[in-house]
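Comments concern the structure below.
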Amino acid sequence: MSRTKINYVVDLALLGQFVLVGYSGLLLFIDGHGTSHFWKFIHEKIGILMLVFFIAHFVLHWGWLVLNTKKCFRRNKEIKADEIIEAKHTAID
């Protein structure tokens, strides 16, 4: 399976897990601890699974994260022609 497909599957799984954890969390919040054990179980176990998939997502995007962090904190920034912003000054009386 290609890296792109793996990334797609991981992101799709994270979305489903987010929805389940969010929904079960709302049920637990609204109904308190009177909610069935099923929703408590779902909330806890899917939350742990979500952590595993988040780590996989983080590993898949590690190169992008390092590259953009280096770009952000680079000391000698070169200004390229397309990055120049022209400012027009207007006198305020």
Side-chain angles (χ1 to χ4, degrees):
M1 190 183 284
S2 72
R3 188 177 176 102
T4 304
K5 287 183 181 179
I6 292 171
N7 187 33
Y8 180 76
V9 169
V10 168
D11 288 350
L12 194 59
L14 274 172
L15 175 64
Q17 293 163 8
F18 177 78
V19 169
L20 281 173
V21 168
Y23 181 71
S24 62
L26 282 174
L27 287 177
L28 291 170
F29 179 74
I30 292 170
D31 195 23
H33 297 287
T35 308
S36 71
H37 293 291
F38 173 75
W39 287 112
K40 290 178 187 178
F41 177 81
I42 290 293
H43 188 75
E44 291 173 2
K45 301 307 176 194
I46 298 295
I48 293 169
L49 186 64
M50 194 173 175
L51 178 63
V52 171
F53 273 82
F54 172 74
I55 292 169
H57 179 83
F58 195 75
V59 168
L60 284 170
H61 290 87
W62 181 253
W64 179 88
L65 181 67
V66 169
L67 179 70
N68 284 299
T69 302
K70 285 180 181 178
K71 282 183 183 179
C72 184
F73 293 107
R74 186 172 43 194
R75 287 188 181 205
N76 296 329
K77 291 188 177 182
E78 296 176 13
I79 299 176
K80 297 178 184 174
D82 60 342
E83 293 178 347
I84 296 175
I85 300 172
E86 293 182 20
K88 296 183 179 180
H89 299 284
T90 310
I92 301 176
D93 294 327

Decide whether [X] and [Y] are clustered together by the hydrophobic rule: side chain heavy atoms of Ile, Leu, Val, Met, Phe, Trp, Tyr closer than 4.5 Å, transitively.
X     : Y     : answer
Ile30 : Val19 : no
Phe18 : Leu20 : yes
Phe54 : Val9  : no
Phe38 : Ile46 : yes

Return yes if some donor-acceptor pair links the side-chain N/O of Asn68 with the main-chain N/O of Trp64 below 3.5 Å, else return no.
->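 Checking the backbone N and O of Trp64 against the side chain of Asn68, a donor-acceptor pair under 3.5 Å is found.
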Nearest 0.5 Å, please: how far is [atom2] in [Y] from [atom1] in [X]?
X     : Y     : atom1 : atom2 : value
Ser24 : Phe41 : OG    : CZ    : 12.0 Å
Met50 : Leu15 : CE    : CG    : 9.0 Å
Asp31 : Leu26 : CG    : CG    : 12.0 Å
His37 : Ile42 : NE2   : CD1   : 14.0 Å

Exercise. Applying side-chain contact (heavy atoms from CB on, under 4.5 Å) between Leu60 and each of Ile55, Ile6, Asp11, report the one that passes.
Key: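 Among the candidates, only Ile6 passes.
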- Query: Apart from Leu12 itself, what residues make up its hydrophobic cluster, given side-chain heavy atom links below 4.5 Å?
  - Reply: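 Tyr8, which link up through side-chain heavy atoms under 4.5 Å apart, make up the rest of the cluster.
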If you compare all heavy atoms of Val21 against all heavy atoms of Gly47, which two are closest, and at what distance to 0.1 Å?
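Nearest pair, atom of Val21 first, then Gly47: CG2-N, 3.7 Å.
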| Which atom of Leu65 lies closest to which atom of Thr69, heavy atoms considered |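 Nearest pair, atom of Leu65 first, then Thr69: O-OG1, 2.6 Å.
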Q. Of all residues at least two apart in sequence or in a different chain, which pass the ring-ring contact (aromatic ring centres under 6.0 Å, His included) check with Trp62?
A.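 Scan of Trp62 (ring-ring contact (aromatic ring centres under 6.0 Å, His included), adjacent residues dropped) gives Phe58.
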